[in-house]
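Hydrogens, waters and symmetry mates are skipped; everything else that's a heavy atom, side chains included, is used. So you know, we letter chains A, B, ... as the sequences are listed, proteins then strands, and number each from 1. All values derive from a computational prediction rather than experimental measurement.
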Amino acid sequence: MTATCPAPSTAPDPAPAAAFPIADTACRVVSNEPVNAEYRLLLAEAGPAALTAEAGQFFQLKCPPTTLDRPFLRRPMSVYRIDRQNGQIGFLYKVTGKGTRGLSTLVPGDTLEAIGPLGLGFTLPAGTRHVLLVARGVGLATLTPLVQMARAAGAEVTAILSARNPAMVMSRDELAAQGARVIEVTDTAGDSDMAQVEALLRRLHAEQPFDFAATCGSNRLLQLTKALSAEWQIAGQAAMEAFMGCGMGMCYACVLPVTAPSGETIFKRVCREGPVFSIEEVQSW
Amino acid sequence: MTATCPAPSTAPDPAPAAAFPIADTACRVVSNEPVNAEYRLLLAEAGPAALTAEAGQFFQLKCPPTTLDRPFLRRPMSVYRIDRQNGQIGFLYKVTGKGTRGLSTLVPGDTLEAIGPLGLGFTLPAGTRHVLLVARGVGLATLTPLVQMARAAGAEVTAILSARNPAMVMSRDELAAQGARVIEVTDTAGDSDMAQVEALLRRLHAEQPFDFAATCGSNRLLQLTKALSAEWQIAGQAAMEAFMGCGMGMCYACVLPVTAPSGETIFKRVCREGPVFSIEEVQSW
Amino acid sequence: MVDLSVQIGSVTLRNPVMPASGTIAEGFAEIVDLGRLGAIVLKTITPDIRQGTQPPRVAEFTDATLFSIGIPSKGPDYLLESTLPVYAGFGVPVVASVSADSVEDFGTLAAYISAPGVAAIEANVSCPNLRAHGQAFGMDPEATAEVIRAMKARTDTPIWAKLTPNVGDIAQIARAAEAAGADALVVSNALLGMAVDAENMRPRLGNVIGGLTGNAVKPVILRMVHQVAQAVSIPIIGCGGIANGEDAVEYLLAGATAVQFGTVNFIEPAAMEDAIAWIEAYCRRHGVTEVRALTGAMSPRHDQKSPLQSAVL
Amino acid sequence: MVDLSVQIGSVTLRNPVMPASGTIAEGFAEIVDLGRLGAIVLKTITPDIRQGTQPPRVAEFTDATLFSIGIPSKGPDYLLESTLPVYAGFGVPVVASVSADSVEDFGTLAAYISAPGVAAIEANVSCPNLRAHGQAFGMDPEATAEVIRAMKARTDTPIWAKLTPNVGDIAQIARAAEAAGADALVVSNALLGMAVDAENMRPRLGNVIGGLTGNAVKPVILRMVHQVAQAVSIPIIGCGGIANGEDAVEYLLAGATAVQFGTVNFIEPAAMEDAIAWIEAYCRRHGVTEVRALTGAMSPRHDQKSPLQSAVL
Ligand SMILES: Cc1cc2nc3c(=O)[nH]c(=O)nc-3n(C[C@H](O)[C@H](O)[C@H](O)COP(=O)(O)OP(=O)(O)OC[C@H]3O[C@@H](n4cnc5c(N)ncnc54)[C@H](O)[C@@H]3O)c2cc1C
Ligand SMILES: Cc1cc2nc3c(=O)[nH]c(=O)nc-3n(C[C@H](O)[C@H](O)[C@H](O)COP(=O)(O)OP(=O)(O)OC[C@H]3O[C@@H](n4cnc5c(N)ncnc54)[C@H](O)[C@@H]3O)c2cc1C
Ligand SMILES: Cc1cc2nc3c(=O)[nH]c(=O)nc-3n(C[C@H](O)[C@H](O)[C@H](O)COP(=O)(O)O)c2cc1C
Ligand SMILES: Cc1cc2nc3c(=O)[nH]c(=O)nc-3n(C[C@H](O)[C@H](O)[C@H](O)COP(=O)(O)O)c2cc1C
Ligand code: FES
Ligand code: FES
């Protein structure tokens with residue numbers, strides 16, 4: 001069921017769901033530029049099924065072979081931008097191995113095969129007023145569309161962006177433009193260690209209490225956010241990663257140990273019961 | 001033992017044999033242009049071992065991977081040009097499958113890894129005066145350097161070039177420039193069938209007797225040349241092809257059934273006991 | 001018109017293409033039209049409820065993957081109550097797959113799940129026989145036969161024996177399964193493999209050993225189908241490294257009546273549908289009016305075959 | 001300085017890298033310096049003179065090849081008179097390889113070629129046992145043991161048993177070979193495979209079946225080395241899909257003491273020399289002063305291993 005995308009102009013609004021809610025779409029690449037030394041932003045025209053994507057969902061991207069690499073499995077990438085107006089979806093990705101190296105060879109006009117949207121995205125409890133985002137590294141890609149979602153739901157957003165150095169802090173402008181308050185902490189500035197971040201979060205919460213927390217991209221930040229959410233008795237969610245076989249809930253490769261309400265540890269599939277989990281159930285990784 | 005080539009100007013004459021008579025040489029590609037719709041000519045700077053190549057010998061070429069193909073084994077190619085003056089070797093090849101498609105992606109400045117020279121080339125009996133070459137298709141690539149060899153030994157050369165149509169007759173100028181008399185027969189002209197070629201050869205032999213015959217590239221022309229050599233009681237050689245594993249005499253994949261002096265059929269390795277065989281021993285393929 | 005239908009014992013498939021057990025799940029119906037397949041094969045279940053192996057569960061190679069999942073299973077009641085209804089509406093035969101730690105449990109489970117919506121049951125004998133020091137049932141002809149006999153004794157639903165390729169003489173196992181009453185043979189499950197990360201000096205899978213699947217294994221399993229086809233007369237379903245119509249046809253020529261697509265479903269959800277179209281075009285191109293005529297139609301390369309076929313190198 | 005030397009029974013190798021039987025020949029010395037290898041392993045010979053199988057003898061896949069050669073052999077006298085002298089001058093242990101149709105012939109041949117220049121003899125048991133319906137010796141533990149016993153009875157030269165991977169339980173065969181007195185185990189020969197050309201409906205090899213070799217088989221043979229290492233205490237020589245130093249180290253970590261490079265020699269004549277340098281650099285990088293410390297040094301991924309390691313999918 002490889003669908004071809006309609007030209008973006010013919011799909012200005014969220015299109016009705018396709019015959020199949022998930023599609024393997026041959027998307028036309030619009031741009032694929034580096035955003036800093038490690039990350040690139042890939043924008044592509046998407047079909048109606050793909051445009052139903054929500055914050056926290058992901059796509060399985062076919063990574064083109066290069067003369068050196070022949071990636072076999074697809075690679076999971078969170079949807080970073082959902083632009084229903086222009087019929088585009090975007091991915092912010094770090095070039096790490098053969099799959100992402102392949103992705104980085106795509107040029108405008110090429111075809112990106114993307115299966116999705118996949119998995120469960122973020123859900124904001126009704127009436128949420130102040131959302132805390134805690135992200136590091138690639139976690140930012142996953143959390144960015146949540147700002148859009150929270151603002152649309154009438155909530156304020158404070159985003160803590162942690163990175164090795166200021167050059168690695170991405171999408172601060174994108175987040176700010178969407179109305180989030182952005183606070184950067186970096187290893188080079190020396191304010192990204194857990195003690196300082198904890199103090200920062202407590203101060204922010206004291207100023208204006210959070211009623212929802214979301215995190216992605218760092219195990220230590222996850223532990224901190226989880227502890228504070230419990231202490232503050234607020235809802236929270238974490239977007240998790242796992243090595244994936246299919247991304248479609250079929251192979252059971254992507255399981256993560258989570259704590260069931262009974263207290264016992266069970267496996268859940270990141271691609272199907274996740275990638276967004278309630279922050280209480282996730283353990284560490 | 002990957003040797004790097006010296007700049008051609010530093011090796012104007014046949015260089016002394018390298019420490020190893022056969023080398024895996026990283027050759028710098030000089031050019032790689034189409035000569036007609038099917039064939040390309042690849043010229044590369046070669047090291048001293050490679051430049052000892054003789055007519056009929058071949059190299060095992062590493063065919064670069066492309067985004068689609070990943071050729072695993074090397075591909076055998078006859079040496080088509082041995083330019084000791086400029087320190088270059090050349091290959092005339094037909095783009096047929098994934099290996100040759102890979103070769104066709106090489107551009108000047110790229111590296112061509114070539115193991116060679118390999119196999120046994122042509123040997124002209126002392127005192128040969130008139131050499132008959134009978135070639136079709138890719139067989140021409142193999143027979144071309146034999147003209148140079150024969151002329152250097154003081155023999156005259158008459159070359160029969162058979163092809164589907166005149167556009168497919170290659171290197172007629174190259175052969176003529178080296179002093180061969182060139183006669184073309186083509187399917188489109190209707191003079192390439194066996195009966196007519198046989199009549200042509202008999203006429204030529206009557207005019208000026210051949211004392212050596214060499215053939216490559218067509219099973220039917222091989223049978224004809226073999227029969228006439230026997231009848232005329234002249235020496236003859238045929239350059240043969242076989243699917244190769246190693247090209248270095250190690251795997252025994254490339255065997256060809258040949259008729260031993262005893263009359264029994266035995267297997268010989270095309271890469272080691274060939275690719276040039278005495279025309280009496282070869283059977284058909 | 002090409003007749004694509006094939007017959008696996010008493011089960012008629014509209015075409016020879018189906019997924020391999022464990023390589024599709026409910027979610028697949030959200031992406032492709034399962035109604036176009038020859039059959040739908042479900043993931044193996046066990047009598048008990050299992051969580052499976054420790055992650056990481058997947059490693060990747062060129063054209064192949066190593067998976068170690070460990071048959072997470074929600075048990076037979078979940079199959080009957082939740083899984084079967086999902087697949088009931090496609091008008092396509094549904095094949096269940098079972099595994100167990102003992103011969104008796106294979107029989108009991110087969111009887112338990114012999115519901116109207118189950119067209120056949122695959123016996124996944126690649127799992128360890130707890131009575132034989134954990135050696136897989138499928139590695140021993142007698143244990144394989146016992147499993148099939150126990151299942152045949154307890155149900156009238158057709159039983160397909162899915163063999164393990166991790167054996168010396170696959171033909172011997174195939175003959176044992178046929179003699180025990182198997183209605184068809186699936187050849188085969190996955191070759192066992194392993195991967196080590198040299199830099200961190202650890203196995204790349206949590207379970208150390210996993211199943212090697214994907215296109216790279218095709219030459220090995222194709223050879224087994226050829227060997228089994230010479231040994232039995234029940235239908236063979238080829239499975240191993242099939243990614244497209246051409247792969248499928250190679251299996252049919254080597255002796256298979258139908259084929260299963262596995263790992264490729266994870267990468268190209270449209271692969272099975274595309275293959276059905278390719279096979280039809282292939283038949284048309286070769287003047288073949290019935291796809292079943294391809295089964296075993298490979299002609300030998302030479303007049304006589306080497307008597308020493310296994311002395312290959 | 002890293003000590004690269006390893007000990008295979010009584011034979012000391014200056015490094016753990018050697019060619020696999022049948023993958024180099026005299027001509028290789030014209031291209032690379034054989035004196036830098038850990039050992040030189042010769043192609044298998046048989047007591048009789050053989051021509052081998054019908055061409056075509058090779059087919060190519062992604063990262064793998066299928067060869068069917070059939071052990072063309074010039075017999076033992078040619079080995080002693082012509083082959084050994086070629087390799088005598090490199091200062092490197094030379095390992096002969098033998099195969100035969102019967103247990104007795106294995107013993108006789110081993111005795112016949114036990115010349116001073118032969119440091120060890122590999123028993124290639126992947127060939128058909130004519131007394132057992134042509135099933136390979138190596139597929140049966142008892143037949144494997146008989147071959148090794150017959151050879152040990154007739155010579156004092158160390159005997160390396162080269163196992164076939166086309167078996168169910170490789171550890172069982174390994175234990176049988178060890179008990180019969182093998183000085184080392186080579187794990188392993190080639191997996192049997194086959195290829196069909198869908199368009200012309202013929203097998204791609206003259207012999208239909210061939211040996212699948214090259215990088216694609218590494219996960220399967222690496223798993224076997226791991227299994228054998230848990231079963232025996234004699235040295236293991238890993239062989240299967242090794243193309244570079246990293247592959248070699250993976251085998252050492254999984255339990256091998258040395259490694260053999262096969263198909264890659266056809267493509268990259270410098271592969272073994274490059275690998276020796278890579279292994280040395282790897283040891284230095286990891287603070288390993290003796291390469292033999294790598295043997296079996298893989299740490300388990302988790303505290304305890306799954307008791308159901310073979311129930312992988
Ligand atoms: C749900 C989800 C969403 C993700 N979103 C993003 C994103 O928006 N931006 C981004 O840069 N990255 C994201 N990742 C991580 C991304 O999938 C990996 O970086 C990518 O697969 C690496 O592939 P590679 O071939 O370049 O690297 P290699 O290291 O060569 O990959 C080898 C194998 O390991 C797997 N793998 C490697 N790293 C990871 C990882 N961190 N998580 C999961 N599998 C991995 C690959 O998929 C592949 O199968 C996400 C992962 C998941 C699970
Ligand atoms: C000694 C020798 C000299 C040769 N010289 C030349 C030459 O000068 N110019 C030229 O164009 N061709 C020559 N050939 C043929 C050339 O090697 C093949 O055309 C080439 O290997 C095809 O590779 P491919 O991957 O493009 O085609 P594919 O069809 O994809 O090749 C698949 C496999 O079959 C083998 N193969 C395919 N065709 C042939 C063939 N005709 N002979 C041997 N193996 C084959 C390939 O090597 C490869 O292993 C020569 C062959 C030999 C044996
Ligand atoms: C993730 C995964 C899970 C599998 N689960 C099962 C299973 O539950 N039962 C079974 O019989 N085979 C199972 N298999 C094996 C497949 O059915 C099939 O035999 C194997 O993947 C080979 O086919 P392929 O090369 O096309 O993938 C599984 C394979 C994979 C990759
Ligand atoms: C062309 C060829 C010939 C071989 N001949 C022999 C042989 O004579 N004896 C033997 O024991 N193994 C033989 N083998 C098997 C190799 O020694 C080795 O076990 C196999 O190739 C696997 O290693 P690789 O994947 O590195 O190639 C041969 C392999 C090939 C490819
Ligand atoms: S990746 Fe296959 S089930 Fe999640
Ligand atoms: S190609 Fe290997 S011996 Fe000729």
Side-chain angles (χ1 to χ4, degrees), chain A residues 1-5 24-34 38-45 59-77 91 93-115 244-245 247, chain B residues 2-5 24-34 38-46 59-77 91 93-115 244-245 247:
Chain A
M1 298 274 89
T2 300
T4 313
C5 300
D24 183 5
T25 313
C27 304
R28 216 179 62 84
V29 172
V30 174
S31 66
N32 186 18
E33 295 295 321
E38 292 178 349
Y39 285 82
R40 298 178 85 97
L41 175 61
L42 175 58
L43 293 178
E45 289 166 9
F59 286 78
Q60 280 284 91
L61 304 187
K62 182 103 169 265
C63 301
T66 65
T67 56
L68 286 176
D69 301 313
R70 222 168 121 120
F72 186 62
L73 296 168
R74 295 196 180 209
R75 303 295 194 249
M77 288 293 160
F91 303 96
Y93 65 98
K94 183 170 171 178
V95 180
T96 47
K98 58 183 180 172
T100 46
R101 271 198 302 272
L103 279 185
S104 73
T105 65
L106 287 170
V107 297
D110 281 356
T111 296
L112 169 71
E113 286 181 49
I115 303 176
M244 289 191 176
Chain B
T2 301
T4 313
C5 299
D24 183 6
T25 312
C27 303
R28 218 179 60 84
V29 172
V30 174
S31 67
N32 185 19
E33 296 296 322
E38 291 178 349
Y39 284 83
R40 299 176 84 98
L41 174 62
L42 175 58
L43 293 177
E45 290 167 7
F59 286 78
Q60 281 283 90
L61 304 186
K62 182 108 168 263
C63 302
T66 65
T67 55
L68 287 176
D69 301 314
R70 225 167 119 119
F72 186 61
L73 296 168
R74 295 197 181 209
R75 302 295 193 252
M77 287 292 159
F91 304 95
Y93 65 99
K94 182 169 172 180
V95 180
T96 47
K98 59 183 181 173
T100 45
R101 271 199 301 273
L103 279 185
S104 73
T105 65
L106 287 169
V107 297
D110 281 356
T111 296
L112 169 71
E113 287 181 49
I115 303 176
M244 290 193 175

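Side chains of B:Leu106 and B:Leu42 form a contact here, defined as non-hydrogen atoms less than 4.5 Å apart. Here the side chains of A:Val107 and A:Val29 are not in contact, with every heavy-atom distance at 4.5 Å or above. Side-chain atoms of B:Tyr93 and B:Asn32, non-hydrogen and from C-beta on, do get closer than 4.5 Å to each other. Within the 4.5 Å cutoff, no side-chain heavy atoms of A:Thr25 are placed close to those of A:Glu113. The closest side-chain heavy-atom distance from A:Met244 to A:Gln60 is below 4.5 Å.
The pair A:Asp69-B:Arg70 does not meet the salt-bridge criterion, since no charged nitrogen lies less than 4.0 angstrom from a carboxylate oxygen.
Near-neighbour residues of residues 97-105 of chain B relative to chain A, defined by a heavy atom under 4.5 Å from a heavy atom of that chain, are none.
Between chain B and the residues A:Leu68, A:Thr66, A:Thr67, the most heavy-atom pairs under 4.5 angstrom are made by A:Thr67.
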